[in-house]
Amino acid sequence: MELVRFMNQSISLISSWVLRRAAELKISDHIKQYGGPMPLHELARSIPIPPEKDLMLLQLMELLVHQGVYAKCEAGYLLTPTSELLLTEGSNMGTFVSFITEAFTGTWFFTGKWFKDTGAGTGFELAHNGKQIWDVLKENPELGSLFNEAMASQSKESVRDLVASYPEIFYGINNLVDVGGGTGTTVKIIADTFPELRCTVFDLPSVVANALNSDSFSVVGGDMFHKIPPADAILLKNVLHDWPDEDCVRILERCKEAVQSTEKNGKVIVVDMVLDAEVNDSKETETKLLFNLLVISSVHGKERTKKEWHDLIIRAGYSDYKIYPARMSLYSVIELYP
Ligand SMILES: C[S@@+](CC[C@H](N)C(=O)[O-])C[C@H]1O[C@@H](n2cnc3c(N)ncnc32)[C@H](O)[C@@H]1O
């Protein structure tokens, strides 16, 4: 058993790449268009791939069926809720696995050197001549777009979950700014769900230059370390885990100023991981541990425990806060009161 576990873990990088290839070959779209269980030869010809590659496709599908990504009956392959995430007209999560494998495979190559290095940079920076990820994304428009698409895809899934699971966090506020909100996927879903709420997406100018074209929210470019537009509520979703404590304190101070300048009882809503929050299963725990390694190796951030969140919030000068009981997977909701 130990040998199986060891061998499995040694070759499991193939799992990420198989998922990426399934996304790029648009296997979920082909199965959906087929409209029923799809035999391998039909899938192969509709992608299309040359017949001599059918064996590889078969083995790829065998693994994905074993992992529960696709289902299989005698007549062929079927979608499952997991492979539906790859549908390009759905949340298109293929962009997420493509970005992760594209951007961070090199980082992990360098973490061996990084462990011995006495410098303050991350593994990602060691792999990119000292450049921070935000500069690399700006200088490589293709990778930058893939990053924005990946963030938008995962936002589509998690924000739908957020508005359904925690509607009360949006009650009683007139306007909201989504800080580090990317190209606006999150605010669009919030604004469409709560049409009375005036929403703004705020991100780096190079990012909001590609913001979605929509009448339902406004767009502001800027730097969250300097000034954040005033609002009753500031949303920080998946942002603070990218930064070390000192920077998080600065961001939270700017958020507090933005909320207080409306002269109302505003709040900051943080949606991020809480490492010791309740989890549904061991897969969720493992996913959080993997994300923590990802952010530590690529940016200067980390995922945080309840105690670490407490210390950060108090250091930034907030009078109180509330961590909501878990109602969605992976992410927790924390409300901060000035
Ligand atoms: C991990 S992404 C999260 C995106 C989005 N909130 C989500 O949940 O999908 C972090 C975001 O912070 C933005 N960001 C980084 N530095 C920033 C800065 N100084 N000012 C404003 N936004 C910044 C990035 O461009 C990126 O869109």
Side-chain angles (χ1 to χ4, degrees), residues 85 91-93 95-96 99-100 103-104 122 124-125 131-141 143-163 166 169 176-191 199-212 217 219-229 231 233-244 246-255 257-258 268-273 291-292 294-304 328-334:
L85 295 174
S91 50
N92 198 15
M93 286 289 289
T95 57
F96 187 81
F99 174 73
I100 296 289
F104 301 125
T122 61
F124 182 92
E125 287 158 24
K131 286 187 185 160
Q132 294 214 349
I133 189 165
W134 312 114
D135 295 322
V136 172
L137 295 176
K138 200 158 86 184
E139 287 166 16
N140 297 274
L143 192 63
S145 303
L146 188 57
F147 171 76
N148 292 336
E149 284 169 38
M151 292 302 110
S153 293
Q154 62 89 20
S155 268
K156 270 187 205 158
E157 282 303 313
S158 56
V159 179
R160 278 191 205 118
D161 224 2
L162 180 74
V163 294
Y166 299 88
I169 63 175
L176 171 142
V177 175
D178 183 16
V179 171
T183 52
T185 305
T186 297
V187 279
K188 178 153 184 2
I189 296 171
I190 295 173
C199 294
T200 302
V201 61
F202 177 82
D203 207 296
L204 295 168
S206 58
V207 174
V208 292
N210 299 308
L212 299 174
F217 63 89
V219 177
V220 178
D223 182 348
M224 64 189 169
F225 288 98
H226 291 122
K227 195 166 169 36
I228 290 171
I234 301 290
L235 177 64
L236 283 169
K237 182 177 158 295
N238 278 348
V239 171
L240 294 178
H241 76 163
D242 287 341
W243 302 94
E246 304 67 49
D247 287 333
C248 287
V249 169
R250 284 171 61 208
I251 297 167
L252 288 174
E253 286 171 347
R254 295 296 84 75
C255 291
E257 288 160 9
V268 176
I269 304 162
V270 171
V271 180
D272 231 321
M273 287 183 189
F291 263 102
N292 204 7
L294 181 81
V295 286
I296 291 171
S297 62
S298 57
V299 284
H300 290 264
K302 58 180 179 182
E303 306 297 349
R304 293 177 167 89
M328 61 193 274
S329 318
L330 290 180
Y331 302 107
S332 293
V333 175
I334 314 175

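When a ligand or atom number is given, it counts from 1 through the structure's own listing order. Keep in mind the model is a prediction, meaning the values are calculated, not measured.
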Of the protein's non-hydrogen atoms, which lies at the shortest distance from [atom], and what is that distance?
atom	value
atom 18 (C) of ligand 1	Leu204 CD2, 3.4 Å
atom 10 (C) of ligand 1	Asp242 OD2, 3.5 Å
atom 3 (C) of ligand 1	Asn238 O, 3.5 Å
atom 7 (C) of ligand 1	Ser155 OG, 3.4 Å
atom 8 (O) of ligand 1	Lys237 NZ, 2.7 Å
atom 25 (O) of ligand 1	Asp203 OD1, 2.7 Å

Strictly distance-based, threshold 3.5 Å: is any side-chain N or O of [X] a donor or acceptor partner for the main-chain N or O of [Y]?
X	Y	value
Ser153	Ser91	yes
Thr185	Gly182	no
Asp203	Val208	no

When rounded to the nearest 0.5 angstrom, what is the spacing between [atom1] in [X] and [atom2] in [Y]?
X	Y	atom1	atom2	value
Thr122	Ile296	OG1	CD1	11.5 Å
Asp178	Ile190	CG	CD1	6.0 Å
Leu240	Cys248	CG	SG	4.5 Å

Mind checking whether [X] has an N or O less than 3.5 Å away from an N or O of ligand 1?
X	value
Gly180	yes
Gln154	yes
Met224	yes
Asp223	yes

Pull out every atom of ligand 1 sitting under 4.0 Å from any heavy atom of Gly182, numbered as shown with elements.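 Once the distances to Gly182 are compared, the set is 27 (O).
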List every atom of ligand 1 that sits less than 4.0 Å from any heavy atom of Val207, numbering the atoms from 1 in the order shown and giving each element.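 Answer for ligand 1: 25 (O).
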What residues, two or more places apart in sequence or in another chain, satisfy ring pair (Phe, Tyr, Trp, His ring centres under 6.0 Å) together with Phe147?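 Here the qualifying residues are Phe99, Trp134.
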Please enumerate all residues that pass ring pair (Phe, Tyr, Trp, His ring centres under 6.0 Å) together with Phe124, with sequence neighbours excluded.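 Result, ring pair (Phe, Tyr, Trp, His ring centres under 6.0 Å) vs Phe124: His128.
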Looking only at heavy atoms of Gly222, does any of them come nearer than 4.0 Å to an atom of ligand 1?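 Gly222: in contact with ligand 1 (<4.0 Å).
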Look at Arg254 together with Glu257 and state whether they make a salt bridge at an N to O cut-off of under 4.0 Å.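 Looking at Arg254 and Glu257, the cut-off is met.
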Could you check which of Phe202, Trp243, Phe147, Phe225 puts a non-hydrogen atom nearest to atom 16 (N) of ligand 1?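 The residue whose heavy atom sits nearest atom 16 (N) of ligand 1 is Trp243.
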